[in-house]
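Each remark here refers to the structure printed beneath this line.
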Amino acid sequence: MYSNEKYWREYWIKNKIFKTKEEGKKFYVLEMFPYPSGDLHMGHLRNYVIGDVYARYYKMLGYSVLHPMGWDAFGLPAENAAIKKEISPKDWTLSNISVSKNTFKEMGISYDWDREVTTCLPDYYKWTQWIFIKLYEKGLAYRKESPVNWCPDCKTVLANEQVEDGKCYRCGAEVIKKNLTQWYFKITKYADRLLDDLEKLDKWPEKVKMMQKNWIGRSNGVTVRFPFLHSRTEFIDVYTTRPDTLYGVTFMAIAPENPIIQRLPMEEDIRKKVDKYIKTSGKKSEIERAGSKTEKDGVFTGIYVKNPLTNQKVAVFVGDYVLASYGTGAVMGVPAHDTRDFSFAKKYDIPIKIVIQPKDKKINDKDMKDAYIETGIMENSEQFSGMLSTDAKEQIIEHLEKIGWGERTVNYRLRDWLISRQRYWGTPIPMIHCPKCGIVPEKIENLPVLLPDPHKVDYIPKGKSPLASVEEFVNTTCPVCGGPAKRDTDTMDTFVDSSWYYLRYSDANNEKEIFSKDKLNYWMPVDLYIGGVEHAILHLLFSRFITKFLCDEGLIKNDEPFKELFTQGMVMNRVNGNLEVMSKSKGNAIPVGPFVEKEGSDVARGTILFIAPPEKALEWNEESVQSIKNFMRRIVHTVEKIPTKTVENDDIDYEINFLIESFSHDLQRFKLNTAVSSLMKFINFTEKSFSENKDFGIPKGIKEKFIIVMAPIFPHLAEKLWNKTGNENSVFLEKFPKADRSKLEKEEIEIVVQVKGKIRGRINITSHITEEKLKELVMEIDNVRKFIDNKPIKKIIYIPKKLVNIIV
RNA sequence: GCCGGAGUGGCGGAAUUGGCAGACGCACUGGAUUCAAAAUCCAGCGAACCAUGGGUUUGUGUGGGUUCAAGUCCCACCUCCGGCACCA
């Protein structure tokens with residue numbers, strides 16, 4: 001099987017069958033590129049096989065297809081492996097790439113390897129640096145000091161998106177906060193567009209769009225200004241989405257990191273308590289502090305503000321349930337109508353003032369068990385009392401704006417993207433720190449800023465950038481004044497590398513530009529992007545951001561990179577009886593290489609496509625492998641053993657056209673499992689016909705059509721059979737057939753006969769029978785007559801070619 | 001807690017979008033072949049019942065509803081999976 005398939009793989013390469021053409025209508029199909037970890041297993045294969053079916057199918061439909069592959073090659077595992085095995089990250093990565101690439105070739109995926117992209121090579125990361133500088137020039141890359149997520153195990157900072165449940169997304173260590181100066185990309189500037197443009201993506205799964213929507217988390221509210229009691233000129237702003245609860249404010253809480261705290265005129269002993277509180281909360285982990293179950297606590301500052309609407313004095317607390325990085329870093333406390341404020345107020349005996357009553361009952365502050373957060377009727381709210389809270393919300397905002405104590409504000413959950421990492425194996429940040437000129441970008445013509453040779457770097461993580469200790473890297477000259485200066489020693493988050501790689505494939509070997517605009521705009525957007533849901537937020541959001549930015553720069557016409565997104569399910573396998581995601585570390589991985597050598601790549605492809613619909617999780621099992629092997633043998637039998645001859649048989653015309661029709665339909669709907677079923681049905685028909693009648697035969701044209709239809713799924717076998725049928729050229733140069741609809745009309749059809757909606761019989765009729773005649777025939781069926789039972793017939797419903805329903 | 005998605009035979013899953021529920025496959029059962037086994041081929045296969053030439057009842061998580069007709073549409077609930085989770 002293996003050597004046989006290998007022959008055809010070599011044939012495709014030799015004859016450049018899958019070399020990309022750039023003419024006419026195009027189809028760009030892309031699978032998310034992998035991190036090169038060496039061996040690929042069936043879990044990886046699923047992703048690429050789905051893409052390959054479409055690449056081959058669209059080629060046969062007459063499109064110019066771009067189907068490339070590359071490597072997301074920077075990142076921590078290379079360093080970790082390097083430390084363990086004493087091999088440089090570069091050598092480790094490059095040797096993994098060559099192993100993985102070889103496996104890809106054995107899978108027989110139709111990639112055009114001439115467009116391979118490797119993010120850790122200078123000819124690629126040169127352009128990553130170029131994008132960084134472009135962002136910097138537009139004010140979209142900036143440095144700031146702030147508390148950041150720090151992974152103590154990986155010894156580097158993490159982006160917000162890389163912290164899951166307070167833990168590092170890579171190693172699972174508990175993340176701590178550190179105050180550091182880091183590089184950020186201003187993705188928040190694009191928040192509105194990233195959110196609103198989701199509507200344009202009608203071919204994305206709703207689920208992914210919803211996840212992005214929640215992640216961006218746009219909220220419309222109002223910033224309200226509270227004046228201090230002790231000063232006529234100082235204020236504190238709070239952000240709220242519930243201005244309708246303003247009359248219920250009984251305290252205020254400020255985040256411990258909010259710098260305003262330092263300016264508050266607190267008494268000495270209170271100041272000490274506050275400082276202590278700030279210190280302890282700074283030491284808390286993300287989980288301790290932010291878990292929704294954590295008890296809310298804080299300290300009183302002795303300071304008061306005035307409610308701008310009521311002039312009542314409001315006590316100011318510092319509380320670490322308030323986030324410094326959202327809104328203004330301070331909130332108004334409305335215990336009656338906010339769950340968190342309620343529990344805070346309970347703890348410190350702060351009064352609860354109800355200003356919204358439910359419509360159907362009365363609540364009072366004495367027996368409240370929890371905050372009332374729904375809408376209702378306003379009370380204790382001066383001129384707004386008696387209104388619906390939803391109406392009052394609007395009017396209070398207007399009132400605040402009129403009297404000058406508040407203004408409408410939009411806030412986002414999305415934060416700017418922290419991209420600097422204190423690691424060696426990444427794209428160097430192309431910035432230079434000059435004592436005279438400040439921070440300046442490297443000159444474009446000096447790019448790439450090369451990562452120093454791994455043998456000269458001690459990349460064992462120490463909590464500071466390994467590049468800082470490489471003197472010949474650090475010491476440079478200022479591109480502005482020419483004086484001595486130092487390079488930035490951080491590298492970029494690998495998600496920067498992968499946020500634009502799909503653009504580079506359009507012109508992968510361009511040495512002068514990031515890509516030629518013409519070539520890029522011929523291929524972009526990606527027509528079909530296939531990958532796992534785990535990238536629903538990070539990678540896809542960052543990619544959309546970068547595409548929008550480059551679109552604003554005039555480099556890309558379309559500001560959305562991926563027209564259609566398909567998220568495939570995971571591949572599971574049993575380990576000690578439990579279903580687990582297939583992975584090397586769990587020991588349940590079926591590696592592609594040995595499997596393909598033994599069973600062949602077509603068997604792997606067929607199995608993976610047939611077991612389950614592509615979007616669902618799939619359980620790998622030996623029985624399914626067997627059934628596909630069996631099926632492939634029956635295909636060979638039909639093509640090679642059933643005589644090729646023209647026979648008087650309408651059924652075979654019907655079956656082949658039915659196959660073409662349903663196969664095409666299934667591919668449009670991503671139903672690759674039923675597409676395989678359709679192929680099986682056709683083979684069932686031919687095998688059965690032949691076993692019943694040894695004179696049965698199949699016309700050459702129909703055999704050929706079948707081989708073409710099966711080719712996207714079983715490419716090696718199809719190519720072999722195509723050749724054996726007497727064809728010189730590759731089957732993939734053939735046009736995918738169109739169904740002849742006229743052959744799908746059967747002469748004789750079966751009609752279901754119902755009485756009062758229940759099936760009482762069936763009848764075979766010729767398709768051009770009149771309705772009257774049919775109704776007559778129906779009445780003659782014994783069982784039908786029995787159930788009509790001489791009752792008067794009210795109505796007869798006739799669904800053409802399907803059923804008759806008699807209502808008595 | 002909030003927001004999504006899904007519940008169909010012993011199992012993986014079909015159902016042209018309101019028109020024959022269970023396609024296709026696995027497992028299982030019976031038969032052919034074989035000295036025997038494997039492999040292969042043929043047949044059967046939701047459940048219960050009448051009596052097995054055929055027919056009846058029931059059946060798509062639960063309970064209601066709309067309709068001549070509901071796995072599919074509407075309302076309420078249960079369970080599972082995924083995402084977010086002090087975002088004010």
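Residue numbering restarts at 1 for every chain, and letters A, B, ... go by the order of the sequence lines.
- Contacts of Ser219(A) with the nucleic acid, taken as non-hydrogen atoms under 4.0 Å apart, involve only primed sugar atoms and P, OP1 or OP2.
- Comparing the P positions of U66(B) and C75(B) gives an interatomic distance of 15 Å, to the nearest angstrom.
- Nucleotides A23(B) and G46(B) are separated by 8 Å at their P atoms, to the nearest Å.
- Interface remark: the Arg413(A) side chain does not form any donor-acceptor pair with the C84(B) base, using a distance-only criterion of under 3.5 Å.
- C86(B) atom C1' lies 15 Å from atom OH of Tyr239(A), rounded to whole Å.
- When Thr607(A), Leu618(A), Ile608(A) are each tested for a side-chain contact (heavy atoms from CB on, under 4.5 Å) with Ser624(A), only one passes: Thr607(A).
- Atom NZ in Lys213(A) sits roughly 13 Å away from atom C1' in C2(B) (whole-Å rounding).
- The closest donor-acceptor contact from the side chain of Asn573(A) to the backbone of Met582(A) lies at 3.5 Å or more, if one exists at all.
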Any N/O pairs under 3.5 Å between the protein and nucleotides 68-77 of chain B? List them or say none.
residue: C68(B); atom: O2; partner: Asn805(A); partner atom: ND2; Å: 2.6

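- Looking at Tyr412(A), its side chain never comes within 3.5 Å of a backbone N or O of Lys189(A) through a donor-acceptor pair.
- On the P atoms, G59(B) is 13 Å away from U72(B), given to the nearest whole Å.
- The closest donor-acceptor contact from the side chain of Thr301(A) to the backbone of Val316(A) lies under 3.5 Å.
- Nucleic acid contact class of Lys802(A) (heavy atoms, under 4.0 Å, all strands): base.
- Across the protein-nucleic acid pair, Asn764(A) atom CG and C20(B) atom C1' stand 13 Å apart, rounded to whole Å.
- In this structure, U62(B) is classed as anti because its glycosidic torsion departs from zero by more than 90°.
- Under the 6.0 Å distance and 45° angle rule, Lys346(A) does not count as a cation-pi partner of Tyr348(A).
- Within a 6.0 Å sphere centred on CZ of Arg741(A), heavy atoms belonging to other residues, nucleotides or ligands number 12 at most.
- Here the shortest heavy-atom pairing between Ser281(A) and Ile278(A) reads OG-O, 3.3 Å.
- Residue Lys347(A) places its NZ atom among more than 12 non-hydrogen atoms of other residues, nucleotides or ligands, all under 6.0 Å distant.
- Rounded to the nearest Å, the gap between the P atom of A37(B) and that of G31(B) is 12 Å.
- Spacing between atom CE of Met632(A) and atom C1' of C24(B) amounts to 17 Å, rounded to whole angstrom units.
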> Nucleotide by nucleotide, 5' to 3', does protein get under 4.0 Å of the base (B), only the sugar-phosphate (S), or neither (-) in nucleotides 10-15 of chain B, counting heavy atoms?
Replying inline: --BSSS
>> Give the dot-bracket line for RNA chain B from 5' end to 3' end: parentheses for intra-strand Watson-Crick or G-U pairs under 3.5 Å, square brackets for crossings, | for inter-strand pairing, dots for unpaired.
In response: (((((((..(((......[....))).(((((.......))))).(((((...)))))..(((((..]....))))))))))))....
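- Whole-Å rounding puts the Ile537(A) CD1 to G4(B) P distance at 16 Å.
- Atom name P, nucleotides A27(B) and G12(B): the rounded distance is 15 Å, in whole Å.
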Between the protein and nucleotides 41-51 of chain B, which nitrogen or oxygen pairs are less than 3.5 angstrom apart?
residue: A43(B); atom: OP1; partner: Lys688(A); partner atom: NZ; Å: 3.2

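- If you find the closest nucleotide of RNA chain B to Asp320(A) and to Glu623(A), the one lying nearer the 5' end belongs to Glu623(A).
- As judged by a 4.0 angstrom heavy-atom cut-off over every strand, Val238(A) is placed among residues making no nucleic acid contact.
- As rounded to whole Å, 11 Å separates atom C1' of C20(B) from atom CD1 of Ile751(A).
- Between the CD1 atom of Ile749(A) and the C1' atom of C20(B) there is a distance of 14 Å, given to the nearest Å.
- Here G59(B) is in the anti range [glycosidic angle more than 90° from 0].
- Distance noted for atom C1' between A51(B) and C35(B): 42 Å (whole Å).
- Crowding of Phe787(A) atom CZ: a count of heavy atoms from other residues, nucleotides or ligands under 6.0 Å exceeding 12.
- Under the 6.0 Å cut-off for aromatic ring centres, Phe344(A) and Phe251(A) qualify, their centroids lying closer than that.
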> Which is it for Glu655(A) and Lys681(A) under the salt bridge (charged side-chain N to carboxylate O under 4.0 Å, His left out) test, yes or no, and what are the steps along the way?
Replying inline: CA-CA 9 Å; Glu655(A) 293 296 335; Lys681(A) 263 188 227 178; over 6 Å; no
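- Atom-to-atom, CD of Gln668(A) to C1' of U16(B) comes out at 13 Å; the value is rounded to the nearest Å.
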Contacts under 3.5 Å, N or O only, protein and nucleotides 52-59 of chain B:
residue: U56(B); atom: OP1; partner: Arg760(A); partner atom: NH1; Å: 3.0
residue: U56(B); atom: OP1; partner: Asn783(A); partner atom: ND2; Å: 3.1
residue: U57(B); atom: OP1; partner: Arg760(A); partner atom: NH2; Å: 3.3
residue: U57(B); atom: OP2; partner: Arg760(A); partner atom: NH1; Å: 3.0
residue: U58(B); atom: OP2; partner: Lys758(A); partner atom: NZ; Å: 3.0

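- A distance of about 12 Å separates the P atoms of A38(B) and G30(B), rounded to the whole Å.
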> Which is it for Phe226(A) and Met252(A) under the side chain to side chain contact (heavy atoms under 4.5 Å, CB included) test, yes or no, and what are the steps along the way?
Replying inline: CA-CA 10 Å; Phe226(A) 283 67; Met252(A) 176 170 287; 3.5 Å; yes
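- Nearest heavy atom pair, residue Val238(A) against residue Met332(A), reads CG1-N, 3.8 Å.
- Nearest-nucleotide positions on RNA chain B for Val752(A) and Thr240(A) put Val752(A) closer to the 5' end.
- Residues from residues 324-338 of chain A lying near RNA chain B, meaning a heavy-atom separation below 4.0 Å, are Tyr326(A), Val331(A) in numerical order.
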>> Let's go through Glu394(A) and Arg408(A) carefully: what are the C-alpha distance in whole Å and the side-chain angles of both, what is the deciding distance for salt bridge (charged side-chain N to carboxylate O under 4.0 Å, His left out) to 0.1 Å, and is it a yes or a no?
In response: CA-CA 10 Å; Glu394(A) 227 2 76; Arg408(A) 270 173 224 276; 3.1 Å; yes
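- Taking the P atom of each, A76(B) and G22(B) are spaced 32 Å apart, rounded to whole Å.
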